[in-house]
Engineer: 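Quick one: structure below, then a few questions.
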Amino acid sequence: MAVQTKHIFVTGGVASSLGKGLTASSLGRLLTARGLRVTMQKLDPYINVDPGTMNPFQHGEVFVTEDGAETDLDIGHYERFLDANLSGRANVTTGQVYSEVIAKERRGEYLGDTVQVIPHITNEIQSRMRAEAAGNRTDSGPAPDVIITEIGGTVGDIESLPFLESARQVRHELGRDNVFFLHVSLVPYLAPSGELKTKPTQHSVAALRQLGIQPDALVLRADREIPDSIRRKISLMCDVEPEGVAAAVDAPSIYDIPKVLHRDGLDAYVVRRLGLNFRDVDWADWDRLLQRVHQPEHEVEIALVGKYIDLPDAYLSVTEAMRAGGFHHDAKVRIRWVASDDCQTDAGAQRALGGVDAVLVPGGFGVRGIEGKLGALKWAREKGVPTLGICLGLQCMVIEYARNVAGIEGASSTEFDPQSPAPVIATMEEQKAFVEGAGDLGGTMRLGSYAARLDEGSVLAETYGATEVDERHRHRYEVNNAYREQLEAAGLSISGTSPDGTLVEFVELPREVHPYYVSTQAHPEFKSRPHRAHPMFAGLVEAALDRQRGNRLVEVERPRVDAGDEPVY
């Protein structure tokens, strides 16, 4: 008989952006460190089927899973903290749920019933909540001991109600000993009165109770320490056991949060409450990570040249992967946010990028900011500054080299200039109809994990320590094979392709030409982990450190000129 999979539902109150995702991820990390099998999922109340067509300024980055699902950025937090690959089932949206219910209604599967939010919508949500549980899985892998489900939005939002009702029904069906509700709330500090206020949390819990949900534990967010008297008051007024009230005060790093929650005994309370078998937390690996987070030996500055820099969440996995590359080399990575438009001219690029140790050009869509990215890449190539291009970054690297080195006049991408006389970047033939508007935007991209082969002896083969790799993709356009020979003759090395050689996956300059000038059509940031950096990001930081050392050496060896003398070397 299968062991009952337990459920933990994480909700949020008072305000958005309190850190429900990081709280859920940290709890998942703690339970995993206690020897439990944990999986996670995010329920998003928006009607979009997935975030793939959303503006990054509104939603932040789109995280791509191994199986090619475009998901919420919190799935990235889950993968990094759990150190596990999640599937597309990890992200459920209102759009997905309603699409499926309407499709079933059209097929007649409801036998003429009037289709309603309860029970039809809530039943569909429940089936997705339970999809990974013991007895419900379609694969043969072991079922998880715990499923942690983060319910997006804030308690009181109309659009979240079906998800909360579905969670309540799961508890009713499985029993209270198998389901745990964790509520994340804000305890604000009012400067004029000099007080931390508990009333917002009380109102938030009252709103949950009106929906039939009594939280089992609270995580209180605050910008300062919460006194025991405040915790006792919240425990009493919200009817939550004192051991179930944990404080998550603002921490220097997101990777501190598991220890913050553990110090308040949240994970111990959860495993006792759910009757889970567990061991003590093994902190050895995480402590080594925190040592490098807080006491790094080195420091490098890397410029991130993008067009969504007003919302750093648009590049969340990229920045975390850069930081992980720093952890790998015991270095702190400081990010210089550079608007790509500032780099359109040589002088602008010098002003924006001067003094950085490395440059990273991330992915994106659309023509805005492209000339600035080309300018940044030209500057970094000519100055010998270590550079990593990701997805659109590879395409821009190819365009810049084609224009300025290979002499291919008018080189561009058909994404930016459909009438380009030299489309060195173009869509695959079978996708053209979609790109021209004959299909749905959500289905036109190369998505998910694809294999690639790296050339023996290339910079990237050395960086990876392998010649066969696989990375996650999210793009529509490819390097045009008609220009490959011309580009390589001009010195640009196509160092990695798809296994059949038809698609360009990696581009670089040889080591003797540039210390580290590499790019990939993929999104390697999605596979980075805080304690296991992705090789391309670790390679960028290593090259940045080498550049620093070289610059220091040059300063030491700089000739000394005495008044009236010839230079002394």
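Quick caveat: nothing in here was measured; it's all calculated off a predicted structure.
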Engineer: Applying ring-ring contact (aromatic ring centres under 6.0 Å, His included), name anything that partners F163, two or more places apart in sequence or on another chain.
Structural biologist: none

Engineer: Whether R446 and E505 form a salt bridge (side-chain N of Lys/Arg under 4.0 Å from carboxylate O of Asp/Glu) is what I want to check.
Structural biologist: yes

Engineer: Could you list the residues that satisfy side chain to side chain donor-acceptor pair (under 3.5 Å) with D216, not counting sequence neighbours?
Structural biologist: R273

Engineer: Does the side chain of Q521 come within less than 4.5 Å of V504's, by heavy atoms?
Structural biologist: no

Engineer: Mind checking what makes ring-ring contact (aromatic ring centres under 6.0 Å, His included) contact with F278, not counting sequence neighbours?
Structural biologist: none

Engineer: Does H328 have any ring-ring contact (aromatic ring centres under 6.0 Å, His included) partners at least two apart in sequence or in another chain, and if so, which?
Structural biologist: none

Engineer: My understanding is that only residues two or more places apart in sequence, or in another chain, count here; which of them pass side chain to side chain donor-acceptor pair (under 3.5 Å) with Q295?
Structural biologist: Q291

Engineer: Hey, could you give me each pair passing side-chain hydrogen bond (donor to acceptor under 3.5 Å, both in side chains) that has a residue in residues 143-152? Not counting sequence neighbours.
Structural biologist: Q41-T149, Y78-E150

Engineer: Who passes salt bridge (Lys or Arg N to Asp or Glu O under 4.0 Å) against E79, sequence neighbours left out?
Structural biologist: R472, R529

Engineer: Tell me, please, which residues at least two apart from H523 pass ring-ring contact (aromatic ring centres under 6.0 Å, His included).
Structural biologist: F526

Engineer: D250: which residues meet the side chain to side chain donor-acceptor pair (under 3.5 Å) condition with it, sequence neighbours left out?
Structural biologist: R221

Engineer: Considering residues at least two apart in sequence or located in another chain, which fulfil the salt bridge (Lys or Arg N to Asp or Glu O under 4.0 Å) criterion with D264?
Structural biologist: R231

Engineer: Among all residues two or more places apart in sequence or in another chain, which pass the side chain to side chain donor-acceptor pair (under 3.5 Å) test with R292?
Structural biologist: none

Engineer: For R80, give me all partners under salt bridge (Lys or Arg N to Asp or Glu O under 4.0 Å), at least two apart in sequence or on another chain.
Structural biologist: none

